[in-house]
Structures are given as C-alpha cells and as structure tokens.
Amino acid sequence: MDKAYDSKLVEGKIYRMWEKGGYFKPKIDKKKKPFTIILPPPNANADLHLGHAMYVIEDIMTRYHRMIGDPTLWLPGADHAGFETQYVFEKELAKKDKSRFDFPRDVLYKMIWDFVHENRGKMENQLRRLGFSLDWSRNVFTLDQTVVTTVYTTFKRLFDEGLVYRGLRLVNYCTKDGTGFSDLEVKHVERADPLYYMKYGPFILATVRPETKFGDTAVAVNPKDKRYKKWIGKEIEVEGLLRKFKMKVVGDDAIDPSFGTGVAKVTPSHDFTDYEIAKRHNLPMKQVIGFDGRLTDIAGPYAGLKVKTAREKVVEEMKTRGMIDHIDENYTHTVATCYKCGTVIEPLPLEQWYVKIKPLATQATKAIKEKKIAVVPRRFEKHMIQWLTNFADWNISRQLVWGMRIPAWKCQSCNEWTVTEGEEPNQCSKCHKTKLQQDTDTFDTWFSSGQWPFATLRVAQGKLSDFRSNDFNYFYPTSVMETAYDILPWWVCRMIMLGLYVTNDVPFRTVYYHGLIRDSKGQKMSKSKGNVLNPLRLIDQYGADALRFSLVFGTAAGNDQSISEDKIRGMRNFANKLWNAARFVTLLQSETKKGQQDITFKKEMDRIIHKVTSYMDKFNFNAASELLYESFWHWYCDQIIEQAKNGKISKTVLHEGLLSYLKLLHPFMPFVTEELYQKMPGWNGTPLIVSSWPV
RNA sequence: GGACGAUUAGCUCAGUGGUAGAGCGCUGCAUUCACAUUGCAGAUGUCGCAGGUUCAAAUCCUGCAUCGUCCACCA
C-alpha cells in the first residue's frame, strides 16, 4: 500500500465495480419495506454545480439503508427544464445571429432535443464522480413517453373534474423571452423611478407609467375620501395627448387616499390592481402594450415604440403641453422583473390554462398537519403551510416550444376546448365538428416535475421488463424527498398537491431540506460573480470523499453554508488518516493473544455504533459525521492504536474495530472505505457497499 | 408591511435546560515509530444586548439591535 491515499487511483475503478456488480439496484423482497428516494432531476443539458453535491445526503441515506438490509432504491433522472433550456439554447442561436422565429416549431424542437442530448451524459457522469449510488437502470427523462403520458392523463383528469380551466386574465409576461409565467417566476426588485404628477381633467394624479394612459378606462378614488366623494359616478372631461376624452370616476377601496393625490388612473390591461378594479366596476379593457413590448395602435403616433422610449416621448410631449404638474424624482418602489433575464414583467391580458389550487392545497395542508409528511427541519413546515394557503391559481401555460405541448384542441366552430391524454381528437367534444387546432403552448416544467415521484416509478407500467412494472406499487410512497429549501414552493408543495390528487397518497413520507452553498465570503455563488466552485475540480484535487464529508460535517439541516477549500483539505487529511490506520492494521501479523483493554474497547465501540445508528435514523448526519471523525481520529488512532502497539489491545479486536469504522463511514466516504475494506486481510469477497451495517 | 433565519474561540460553524465544542488558523516541542495530508502539549469565548422563568439558561419566554433570506398589487 502507498503511504498516502490517492483518490484518483481508486474512485473510477471502484465506481465501475459497483455499477457493473449491479449493487445500486434494489433487491426486491415483498416481505420487506423498501427505502426509496427519487433524485431531484438536474437539468439534462447543464453541468452540475456545487449545490448538486449536497445530494450526497441522499447517497448517505441510500447507502445506510442498503446496509441495514432495506430494499433500497435511489432513482436518477434528468429534467428537460423547459424555459431554462430554451433560454440557454436561444442564447446559442443569438450567437449565430438567429432567433427561434427563424425555424418552424418542429425543427426548433428537434434542434433543442439534439442540443440537450449532446450534453446530457455530462451531468450523469458528474453524479457518478460524486460516488452517488443511483440505480442507473431506472434512469428517467422528463420527456420520456411514459412520463409525458402520465402528465397528460393528470391534465385531462384535472380538466374533466373542473380543476383546470381556461382563463383570460392578466399574465406575468416577459416580452423579451416571449412567454408568460406563474407568480413564482417573478422577481420583485426595488428601484427608483420618477413619479409623474399629471393633470387629468379636474384632477392631478400620480403615476410611474404615463405611457399606459392610452389604456385608461376610468379614474378611481377611495369612496371614503371626502375630497373626491362628489365625483364618484360622474364623468370627467380630460385633455389627452391624442384628443379630448371622457372618463368615468369610480370609488374603490383599493385606492389609498394617502398615496400621491389620492386619485389613480385605471389601466385594466396592464396593472393587476386596476384589473381587479375593472372587474368590480365592469370597466372595459384597452390593451396598449403588445406582446412584443411595443405600444399598440391605440397609442396613435406612439404605436410601435418600446415601452421605455414611449414613456420618454409621452413625458416630453406632456411637458411641452403643460400637462405635467410636477415630478417626484426620488420615488422608490418595487418592480416585477423576469427572474431569468431581468426584463420588466408586463402584466398582459392573455388566455392561459390555470390549475385551481384551493382544493389541492387544502388536501396538502391536511396531510402536513396530520403528520403524513414529516418535515426536517421542522421550521419549514410553517413555510409550506403558508405557501399552500397563499397560492393563487397556477398558470401552467408557457409560450415555449421546448416542453410538453398541451394536449388541448380548440374547435374552430364553437371555440370549445377538447382535452385528451395526448392523442389527436378527430372531433370537437362539444359540437362534434372536425376542424380543431391544438394549443401552441407547452406546460410549465414544474407541472411535470410536480408529478415526478409517481411518474418515475410508473415509467414502465408493464411495457418494459416485469421488475420495473411493479415499481410503483412497491416503492410508492417514497421514503424521503431531499432537496434545497429554495424550491419549496415551486416543487415540493406542488409534488404534494399533485401526488395526493393523482395517487391518493403522499408522494413521500419525509421531506428533508438542505441549505444553500455560498462562497467563502458568504455570498451566493453565481456565474456573473465568478465565484462558482466547480465540484469536479474539487474532486480532482481532494477526492470525492473529502468533498462529500466536508459538505455534511458541521452543517445543520436547512442552514446555508460557506464552503472553504481549507475545510475540504482537512477532510482529505481525514481520508488519509483512515488509509494509514488501515495500512497499519493490515501490516500486523495476526495472533490470538487477548489484550487487557479489549473489553473496554469493545464497549466503547458499541456505544459509537449505537450513537451513529441513532443519528442516522434521526437524519442527523452532521452529528454522525462529527462523532465518527472525532472518535476515529482521536480515540481509535491516537489512543487505541498506540495501546495496541503495547499489546493492551489485541490485534483481532483492533481489526474488528477498524471494520466497524469502515462500515460506519462508508455512507459518507464510500470510495476510500470500499478500497480499504477489500484490502483487509480475510476479506470475504463481498463489497462493502452491500455488506451489513454493524450492530 | 409580513414571515423566517443568523448573532458562540482569529475565521467558518456545530451544540437546545445540567461544569463551553469542532474544523481551519495560531504557539511550543517531537522526525528513520501506520500517517508531516503526522504526533504530543498549549493559548484563545461575560455564547449580540436587556429583562424574565428555573435549583440550574448559549439552550425556554418577552423586548430590542445588527446582518441575511423569502414573500407582499401602494398607482
């Protein structure tokens, strides 16, 4: 054996041995309760980042349960990541001076498909480099036909039961990316913008968006506001930029008398509050901003201008015509922006598919409150219930090509929608006419990933070999969902809602949240900041075991952590310590002489085994790793090995102790422990990964 | 405006009722001893602040401060 542990010589070889040996596949035993984790599917076309390495917690659980004898499945997958991927692909197109509009839909789809599949293997090999014991024979892609069919079936059932409906309302629309979003994809940022006090008939009113004035259909005041009470219900005459026009005054509680002058213009097509006011007062809608982010014909000479330019021109013209009273230049407010590209989100009126959330969320909340799903750490239970209580109906339509096209066809005669489980209908379900046109939109990616736990396990449904068709019945509900807390509303809550709806059972019995990884200064890692640490580089330099151990050591569940290379180096040293302790033990000649401290040693070893096991069962991997590190280094190595040199501990007992440590440490540091286990004298030929946990 | 988290050794963080902990760093000593990716010895903290509960509080309660995160339609 070499004097130092060299991870490069070991990791590839060991992983191939595991994979070839089929050790990642569960041994199904109907009499035993399985342990199941579904890996949160990384984007198929993107490299892993350090955050993905936190899934090591799932590998720790998986390896532990495999060793205690549970039929254990950790199922891998890849996400087509609709919007994210199309966004990246469009950037690639832009480099070649092309855009998505240069290609027919099916050609574009094919191009993105190829793009994704060229990159897909990369991510999967990175998961292997981390040592993840995923059952690759069950690998699933979100666009696999069986998954698509499952998602379509759910959509149809939701539609048939009135839980999905077509609605025309204001949508969060990014005019740059050309798609609408759900509320969650909107990022609110604080910003300073001029607040224009403009003359509006008999009033002066404040607005940051004078360019939308062509879409005004009323003026609103608070009904309790004494200053304006007499105007409510009356019509006012306003000198506009285009012409003189008449405008109704309505009283509405949404108006805050203390803001501005207490008078607001109502632009129902471009403001959520105004839209609500319009609904209450039956006001017409006038769309002045188009989906291209330019003003429509309603804006007369300003038509065709982009919003920003239009605002400047409108303000300029109003200034020269004395229509602006004054401008508050120090006004700060929050603006809705696209979470991806930062463009200001325009609320625009658009017909979309919505999931009625209330009935689904009620079920989900009930399941959490009744402890059908345990939440680790506990504090996130409150977050989840808050989210479930506050969710608005979910817009699942996206104006994208990359994704599952919505299986809904609109009748050209009666305008009714026919929804199927994917097959093209030959007639309208209402009027039976045959001229139908499919919705051009695709599903929000989260609508499909929200069904991931059962969609993955149902993947075969009798179509493939037998052992897989029974997966759903055997492995569902899954044991643990382990993910970063930042996708709690996007993903976890939706999985619970859709899981309960479709399967009548929770999708997982426990949800464990890990924190985010930040750089050594505590800042969020991002490509633009240039502080991203590549997990592969760290693995190359320190070994996968060291990286893995440093991610769980000293990290409480749900807390963010700053990663530092110093820490990883320290854990590499620990792997090396393990290596050398094992080297020492293997160098010993076997003998049967008893040592006077043997009993005491065994007792302490038992205590450690018991403690670590109990920590594992309680999801306290941090405590387990610390106890193992501390006791192995400073007790087993510093004291026991020294005692063994003096004959106080027998060599047999020392050897047994080491075997226990290799087993206990295996979930955390699978490579070095496996390598050493197989080097131990008297190894019986069974790999450590499928050996039994010490008791 | 609301919610949540953090505040503990120089740095990064564990610890949730019973005499303050780890990693890294620091100081001194040790080198043909399994390991210098090492060993031995050592220093360092009124556990954010102020009250309260308790025989006992870093830990529970109340209030405050600072930092951070998420949410929220003030035009």
Side-chain angles (χ1 to χ4, degrees), chain A residues 1-7 170 172 183-184 186-188 193 195-197 205-210 212 216 219-220 252 254-267 270-277 331-336 347 377 379-380 382-383 385-387 390 392 485-486 488-489 515-516 518-524 542-543 546 549-550 552-588 620 622-623 625-627 629-630 633-634 637-638 641-642 644-645 658:
Chain A
M1 279 174 81
D2 292 333
K3 270 181 86 173
Y5 170 59
D6 185 350
S7 58
L170 294 196
N172 304 299
D183 297 337
L184 292 180
V186 178
K187 191 174 155 67
H188 297 270
D193 276 309
L195 181 63
Y196 302 96
Y197 283 77
L205 58 78
T207 181
V208 284
R209 306 207 59 183
T212 63
D216 297 351
V219 166
D252 198 288
I255 302 301
D256 176 1
S258 65
F259 184 88
T261 58
V263 185
K265 66 195 203 63
V266 181
T267 323
H270 303 291
D271 184 280
F272 287 103
T273 309
D274 293 5
Y275 179 76
E276 293 302 317
I277 293 175
Y331 176 65
T332 56
H333 62 152
T334 51
V335 181
R379 67 172 184 273
F380 287 105
K382 196 173 169 186
H383 284 240
I385 288 172
Q386 261 171 13
W387 269 109
N390 295 329
Y485 66 76
D486 63 343
L488 180 155
L516 310 179
R518 301 172 180 283
D519 72 3
S520 54
K521 292 185 193 108
Q523 293 198 312
K524 228 174 180 171
Y542 304 105
F549 209 77
S550 69
V552 289
F553 187 92
T555 308
N559 282 10
D560 292 354
Q561 63 173 313
S562 298
I563 195 74
S564 72
E565 290 201 43
D566 283 345
K567 186 174 175 188
I568 304 173
R569 196 180 321 114
M571 297 309 151
R572 181 213 44 192
N573 295 354
F574 180 60
N576 190 57
K577 189 76 181 175
L578 193 58
W579 177 267
N580 276 294
R583 193 157 71 98
F584 175 76
V585 173
T586 56
L587 290 177
L588 293 175
N620 197 347
N622 160 34
S625 67
E626 280 187 55
L627 176 58
Y629 180 100
E630 180 64 21
W633 198 312
H634 300 300
C637 291
D638 292 349
I641 288 185
E642 295 311 312
K645 286 178 187 168
L658 182 69

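- Nucleic acid contact for Leu488(A): none, since no nucleic acid atom lies under 4.0 Å from a heavy atom of the residue.
- Phosphate proximity of rG23(B) to His634(A): present, with a side-chain N or O under 4.0 Å from OP1 or OP2.
- Contacts of Glu642(A) with the nucleic acid, taken as non-hydrogen atoms under 4.0 Å apart, include base atoms.
- The separation of rC70(B) from rG63(B), taken at their C1' atoms, amounts to 24 Å, rounded to a whole angstrom.
- Among the atoms of the strands shown, base atoms are found under 4.0 Å from some heavy atom of Lys645(A).
- When atom types are taken as modelled, the side chain of Asp256(A) and the backbone of Ser258(A) share a donor-acceptor pair closer than 3.5 angstrom.
- Candidate nucleotides rU37(B), rA22(B), rA14(B) were compared by shortest atom distance to the side chain of Glu630(A), and rA22(B) ranks first.
- Across all strands shown, Tyr5(A) has no heavy atoms under 4.0 Å from either base or sugar-phosphate atoms.
- When all heavy atoms of Asn559(A) and Arg379(A) are compared, the pair lying nearest together is OD1-NH2, 3.2 Å.
- Side-chain N or O atoms of Asn576(A) include one that pairs as donor or acceptor with a backbone N or O of Tyr5(A) at under 3.5 Å.
- You'll find that the side chain of His333(A) is closest to rA75(B), out of rA75(B), rC13(B), rG39(B).
- Dashed line: the shortest gap from a side-chain N or O of Thr586(A) to OP1 or OP2 of rA34(B) is not under 4.0 Å.
- Side-chain proximity of Trp633(A) to rG23(B), rU37(B), rG39(B): nearest is rG39(B).
- When the P atom is used for both rU53(B) and rG10(B), the distance is 33 Å, rounded to whole Å.
- For the C1' atoms, the distance linking rA41(B) with rG48(B) amounts to 34 Å, nearest Å.
- With Asn622(A) contributing its side chain and Gly554(A) its backbone, the two residues share a donor-acceptor pair below 3.5 Å.
- Across all strands shown, Phe272(A) has no heavy atoms under 4.0 Å from either base or sugar-phosphate atoms.
- Closest to the His188(A) side chain, of the nucleotides rA22(B), rA34(B), rC73(B), is rC73(B).
- The side chain of Asn576(A) has rC35(B) as its nearest neighbour among rC35(B), rA22(B), rA14(B).
- Going from atom NZ of Lys265(A) over to atom CG of Asp216(A) covers 3.5 Å, rounded to the nearest 0.5 Å.
- Within the 4.0 Å cut-off from OP1 or OP2 of rU38(B), at least one side-chain nitrogen or oxygen of Asn573(A) is found.
- Distance check on atom C1': rU46(B) versus rA58(B) gives 12 Å, rounded to whole Å.
- Listed nucleotides: rA75(B), rG5(B), rA14(B). Nearest to the side chain of Thr207(A): rA75(B).
- Annotation: of the two residues near RNA chain B, Asp183(A) and Asp256(A), the 5′-most nearest-nucleotide partner is Asp183(A).
- Across all strands shown, Phe549(A) has no heavy atoms under 4.0 Å from either base or sugar-phosphate atoms.
- Residue contacts shown for Gly260(A) are absent, as no nucleic acid heavy atom lies under 4.0 Å away.
- Between rU19(B) and rC55(B), the distance separating the two C1' atoms is 15 Å to the nearest Å.
- Out of rA75(B), rG23(B), rA34(B), the shortest distance to the side chain of Lys577(A) is found at rA34(B).
- Residue Pro489(A) comes nearest to Asp486(A) through the heavy atom pair CD-O, 4.3 Å, listed as atom of the first residue, atom of the second, then distance.
- Heavy atoms of Arg572(A) sit under 4.0 angstrom from at least one base atom.
- Within 4.0 Å (heavy atoms only), Tyr275(A) reaches no atom of the nucleic acid at all.
- Nearer the 5' end of RNA chain B, as judged by each residue's closest nucleotide, is the contact made by Phe380(A), out of Asp638(A) and Phe380(A).
- Asn559(A) has a side-chain polar atom (N or O) that falls below the 4.0 Å cut-off from OP1 or OP2 of rA14(B).
- Phosphate proximity of rU37(B) to Tyr542(A): absent, as no side-chain N or O sits under 4.0 Å from OP1 or OP2.
- On the C1' atoms, rA22(B) is 26 Å away from rA56(B), given to the nearest whole Å.
- At the phosphate of rC13(B), OP1 or OP2 sits under 4.0 Å from a side-chain N or O atom of Ser562(A).
- At a threshold of 4.0 angstrom between heavy atoms, the contacts of Asp566(A) are confined to the sugar-phosphate backbone, with no base atom among them.
- By the 6.0 Å and 45° rule, Lys645(A) stacks over the aromatic ring of Phe584(A).
- Nucleotides rA6(B) and rC47(B) are separated by 13 Å at their C1' atoms, to the nearest Å.
- Close to rC4(B), at under 4.0 Å from its OP1 or OP2, lies a side-chain N or O of Lys382(A).
- Residue-level contact check: Trp387(A) touches the backbone only, with heavy atoms under 4.0 Å from sugar-phosphate atoms and none from bases.
- For the C1' atoms, the distance linking rA34(B) with rG68(B) amounts to 46 Å, nearest Å.
- The two residues Pro347(A) and Leu170(A) come nearest to each other via the heavy atoms CB-CD1, 4.0 Å.
- Using a 4.0 Å heavy-atom distance criterion, Ala581(A) is classed as a base contact.
- Contact of Lys3(A) with rC35(B) (side chain to base): no donor-acceptor pair of N or O atoms is detected under 3.5 Å.
- Base pairing of rA43(B) is not made with any nucleotide, judged by Watson-Crick or G-U wobble geometry with both donor-acceptor distances under 3.5 Å.
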